[in-house]
Amino acid sequence: MGNMTGKTIVITGASSGIGEATAEKFANEGANVVLAARREERLEEIKNKISSENGSIAIKKTDVTSREQMQELADFAIKEYGQIDVLFNNAGLMPLSFMKNLKIDEWDRMVDVNIKGVLYGVAAVLPHMLEKNAGHILTTSSVAGHEVFPSSAVYSGTKFAVRIMMEGLAKEVAQSNIRTTSISPGAVQTELTNTITDEEVLSNFKKSAGSMTPLNSEDIAEAVFYAVNQPENVDVNEVVVRPNNQG
Ligand code: NDP
C-alpha cells in the first residue's frame, strides 16, 4: 500500500518534465493517475514506463486551452475512478522575450495556456469537489510568479496571475475541505526553454550557461507530494523550491 492508494490525481502537462515526474511519483505511491497533454504518443510511452502497484494509469489527450476538452478530462477521470482527489494544473510554456520584440502570438499562447488553461481546470473540477466537500487543486506557478526580470514580463504576468488566483480560491473555499497549492519552482532541467524564439534571450541564456545547476523534475514532484500528503486539516498554500545557487 502506498500513501496515495485509493486516491486519484489528474495531471496536465504530463507528457514531459515536472508533470511526467509527478505522475511517476504518485504512481509509485499507489495512486490512480490520469495523464493529460496534447502529445498522446508521449503519454502512451510514459504510461508503459511507469506502473502503479495498487492503482492504475490512464491517459487522455487534452489541450488545456479548450474548455470542452478540460471538462471531458474531468468527466473521464470521474467515470474511470469515481472521483478526482487531486488536480495538478501544471501545463505551461515559457517563450521568454523582450517586449520590444513584439512576439504577440507568443504572449497570446502564454495567456491561453498558463492562465486560461488553469482556470478551465478549476472550472472542470470545482463543482465535483464542492459536492463531495473534499479535493486538492495545485497549480504550477514559478519563482517568476514572485519576481520579474527582463524578458519575463508576460511569462511572469501569467505566473503571478495563477498564484493570486489560487490564493483567492483558497480564501473562498476556506470553510470547505478543499485545499489549494501553488508550486513555485526555480530553474528545473526540462524541455521548457525549447519554446524560446527570441534570439536576444537565447544568446543571453548561452552566456549565462553554467552559472547555476538546475533542479531535476523529481525535486518538484517531491514538493507536490509533500503538499498533498498532509493531514486533511493542513493546507500547504505555497511551496517555493529553487536550486540553492540560483539568485
Ligand atoms: P515541459 O516543457 O517539459 O512541460 C510542459 C508541459 O506542458 C508538456 O507536458 C506539454 O505537453 C504541456 N502543454 C503545453 N501546452 C499545452 C496545452 N495547450 N495543452 C496541454 N498541455 C500543454 O516543461 P516543465 O515540466 O518545466 O513545465 C511544467 C510547468 O512548470 C509549466 O507550467 C512551467 O511554466 C512551470 N515551471 C517550470 C520551470 C522550469 O524551470 N522548468 C520553472 C518554474 C515553473 P504537450 O506539448 O504534449 O501538450
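In this text the structure is predicted, and so the values were computed from the model without any measurement. The figures here come from the full heavy-atom set of this structure, side chains too, leaving out hydrogens, waters and symmetry mates. Note that ligands are numbered from 1 as they come in the structure, with each ligand's atoms numbered from 1 the same way.
Taking atom 33 (C) of ligand 1 as the reference point, the nearest protein heavy-atom neighbour is Tyr155 OH, 3.6 Å. For atom 23 (O) of ligand 1, the nearest non-hydrogen atom of the protein is Thr190 OG1, 3.4 Å. Atom 3 (O) of ligand 1 has its closest protein heavy atom at Ser16 OG, 2.7 Å. Atom 46 (O) of ligand 1 has its closest protein heavy atom at Arg38 NH2, 2.9 Å. Closest protein heavy atom to atom 22 (C) of ligand 1: Ala91 CB, 3.6 Å. At the shortest separation from atom 30 (O) of ligand 1 among protein heavy atoms lies Thr140 CG2, 3.2 Å. What sits closest to atom 20 (C) of ligand 1 on the protein, heavy atoms only, is Thr62 O, 3.3 Å. Protein heavy atom at the shortest distance from atom 9 (O) of ligand 1 is Ser15 OG, 2.8 Å.
Residue nearest to atom 40 (O) of ligand 1, selected from Ile18, Val188, Thr22, Ile11: Val188 (by heavy-atom distance). Comparing heavy-atom distances from atom 2 (O) of ligand 1 across Ile220, Leu43, Val162, Leu192 singles out Leu192 as nearest.
Screening residues 104-128 for side-chain hydrogen bond (donor to acceptor under 3.5 Å, both in side chains) gives Glu106-Thr197, Asn114-Thr158 as the qualifying pairs, with residues at least two apart or on separate chains.
For Gly186, the closest heavy-atom approach to ligand 1 falls below 4.0 Å. Ligand 1 is approached by Ser141 to a heavy-atom distance shorter than 4.0 Å. Within the structure, the closest approach of Lys159 to ligand 1 falls below 4.0 Å when heavy atoms are considered. For the ligand labelled ligand 1, residue Thr12 lies outside the 4.0 Å heavy-atom shell.
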For residues 201-212, please give each side-chain donor-acceptor pair under 3.5 Å, one per line with the distance, not counting sequence neighbours.
unit_1 : atom_1 : unit_2 : atom_2 : d
Ser208 : OG     : Asn204 : O      : 3.2
Ser208 : OG     : Phe205 : O      : 3.3
Ser211 : OG     : Ser208 : O      : 2.8

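Between Val113 and Val64, some side-chain heavy-atom pair lies under the 4.5 Å cut-off. No side-chain heavy atom of Thr62 sits less than 4.5 Å from a side-chain heavy atom of Arg38. Taking the side chain as every heavy atom from C-beta outward, Phe88 and Val228 never approach each other to under 4.5 Å. Between Phe225 and Thr22, every side-chain heavy-atom pair lies at or beyond the 4.5 Å cut-off.
Tested against Glu147 for a salt bridge (charged side-chain N to carboxylate O under 4.0 Å, His left out), the candidates Arg242, Arg163, Lys159 yield a single pass: Arg242.
Taking a cutoff of 4.0 Å between a charged side-chain nitrogen and a carboxylate oxygen, Glu200 and Lys100 qualify as a salt bridge. Lys61 and Glu41 are not joined by a salt bridge, as no carboxylate oxygen comes within less than 4.0 angstrom of a charged side-chain nitrogen. Using a cut-off of 4.0 Å between Lys/Arg side-chain N and Asp/Glu carboxylate O, Glu218 and Lys25 are scored as not salt-bridged. Here Glu72 does not pair with Lys79 in a salt bridge; the nearest charged N to carboxylate O distance is not below 4.0 Å.
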Exercise for review: Show your working on side chain to side chain contact (heavy atoms under 4.5 Å, CB included) between Ser141 and Ser184 and close with a plain yes or no.
Suggested key: CA-CA 5 Å; Ser141 176; Ser184 289; 3.6 Å; yes
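Here is the list of ligand 1 atoms found below 4.0 Å of a heavy atom in Ser142: 43 (C), 44 (C). Taking every heavy atom of Ala14 and a limit of under 4.0 angstrom, the matching atoms of ligand 1 come to 9 (O). Every atom of ligand 1 with a heavy atom of Asp63 under 4.0 Å away is listed here by number and element: 17 (C), 18 (N), 19 (N). Of all the atoms in ligand 1, the ones that sit under 4.0 Å from a non-hydrogen atom of Glu191 are 2 (O), 3 (O). Near Gly17, with a cut-off below 4.0 Å to any heavy atom, the atoms of ligand 1 are 3 (O), 25 (O). Numbered from 1 in the order shown, with element, the atoms of ligand 1 that lie under 4.0 Å from a heavy atom of Val113 read 15 (N), 18 (N).
Close N/O approach between Gly13 and ligand 1 is found [any backbone or side-chain N/O within under 3.5 Å]. Here's the thing with Val64: one of its N/O atoms is less than 3.5 angstrom from an N/O atom of ligand 1.
In Ala36, neither the side chain nor the backbone holds a heavy atom less than 4.0 Å from any atom of ligand 1. Residue contacts with ligand 1, taken as heavy atom pairs separated by less than 4.0 Å, involve Ala187 solely via the backbone atoms N, CA, C and O.
Remark: side-chain polar atoms of Thr180 are paired, donor with acceptor, to backbone N or O of Met166 under 3.5 angstrom.
Note on Ile9: it clusters hydrophobically with Leu35, by side-chain heavy-atom contacts below 4.5 Å among ILVMFWY residues.
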